[in-house]
Amino acid sequence: MSNTHTFLAKLIHWTFIPLYAYGIFKQVDDLSQLEDPSLLNFEILFATVFLVIVLLRYFYMKDTPTLLGAHDELPKGHLFIAKMVHRLVYFSLIMLPTTGLLIAGLFSLETGGVEIAISIHEFSADLSYVVIALHVGATFYSRFKGEGLWNAMVPIWKETEKNNSNLVSRLEVIEKKVYKEIEDKFIKE
Ligand code: HEM
Ligand code: HEM
């Protein structure tokens, strides 16, 4: 039996996706919309709830080993990249509501600087798209190789065995070089 994430970890991971999608699709189209007090209050409430959920999730997950479903021991360089991407996902998900609340504060107080807050807010949204796409792409790549990580978090279309094709062997040679580079540069023994 391979390791798997807890039921609660899976529940949080999958129920968070509609919350994130809702936040992205309901986005404020321009600043003047915030003149409507009920919309402004709703945005503040939504951003606060979103932020609290992300922080609770972070504290619940932070001591869980990364890529815990792997059948074989993974190179340190591989774990380093995965942890970095997960941290960037959290960073972008914390920055989004925080800068949203900052926009609300600066807008209400009319102190100026709201344009800068909007730029950081938009950057946070773009960063979240990039790192989540990387995360999902890496997960499908791992599923293709049959490493076991998929089964630890995803309840459908389970992996059955490791893929031992020539293509995977060649890809793994390249990967090993990349992990070695990362270990030499960033991981001190
Ligand atoms: C909004 C979309 C998503 C976000 C924000 C997200 C975020 C995360 C984060 C932060 C983790 C690390 C564990 C944790 O702290 O919960 C994780 C784990 C994982 N995610 Fe996602 N995820 C998303 C979508 C997906 C999708 C669509 C898939 C697969 C098709 C996927 C597959 C996985 C897998 C397999 C793991 C376990 C990795 C491990 O064991 O370390 N995720 N996800
Ligand atoms: C978790 C909460 C939030 C999410 C996920 C979110 C998401 C987004 C996204 C995706 C954009 C478009 C960015 C782009 O064009 O690249 C945006 C823009 C914006 N958001 Fe948010 N937002 C949140 C909270 C807030 C809050 C609380 C406020 C203020 C009360 C706010 C005010 C704005 C404004 C003014 C813009 C820019 C509109 C423009 O282009 O002029 N957001 N938001």
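Whatever order the structure lists ligands and atoms in, that order sets their numbers, starting from 1.
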Heavy-atom pairs closer than 4.0 Å: do any link ligand 2 to the side chain of [X], the backbone, both, or neither?
{"X": "Y22", "answer": "neither"}
{"X": "D29", "answer": "backbone"}
{"X": "F107", "answer": "neither"}

In terms of residue, atom name and distance, what is the protein heavy atom nearest to atom 37 (C) of ligand 2?
-> I118 CG2, 3.7 Å

If you have a sec, work out which protein heavy atom is nearest atom 7 (C) of ligand 1 and how many Å separate them, to one decimal?
-> R57 NH2, 3.4 Å

May I ask you to list the atoms of ligand 2 that are less than 4.0 angstrom from any heavy atom of L40?
->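 Per the distance check, 30 (C).
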
Atoms of type N/O/S from protein, distance to atom 21 (Fe) of ligand 2 below 2.8 Å | 1

Please confirm whether F25 comes under 4.0 Å of ligand 2, counting heavy atoms of the residue only.
->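 False for this residue.
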
Would you check whether Y58 reaches within less than 4.0 Å of ligand 1, judged by its heavy atoms?
-> no

Is any N or O atom of G69, backbone or side chain, closer than 3.5 Å to an N or O atom of ligand 1?
->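 No, no N or O pair falls under 3.5 Å.
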
Heavy-atom donor-acceptor pair, Q33 side chain to D29 backbone, under 3.5 Å |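 Present.
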
Verify, without hydrogens or angle tests, whether W14 (side chain) and M153 (backbone) share a donor-acceptor contact under 3.5 angstrom.
->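 Yes; at least one donor-acceptor contact below 3.5 Å.
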
Which residues and atoms, protein N, O or S only, are under 2.8 Å from atom 21 (Fe) of ligand 1?
->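 The answer, once waters are left aside, is H13 NE2, H135 NE2.
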
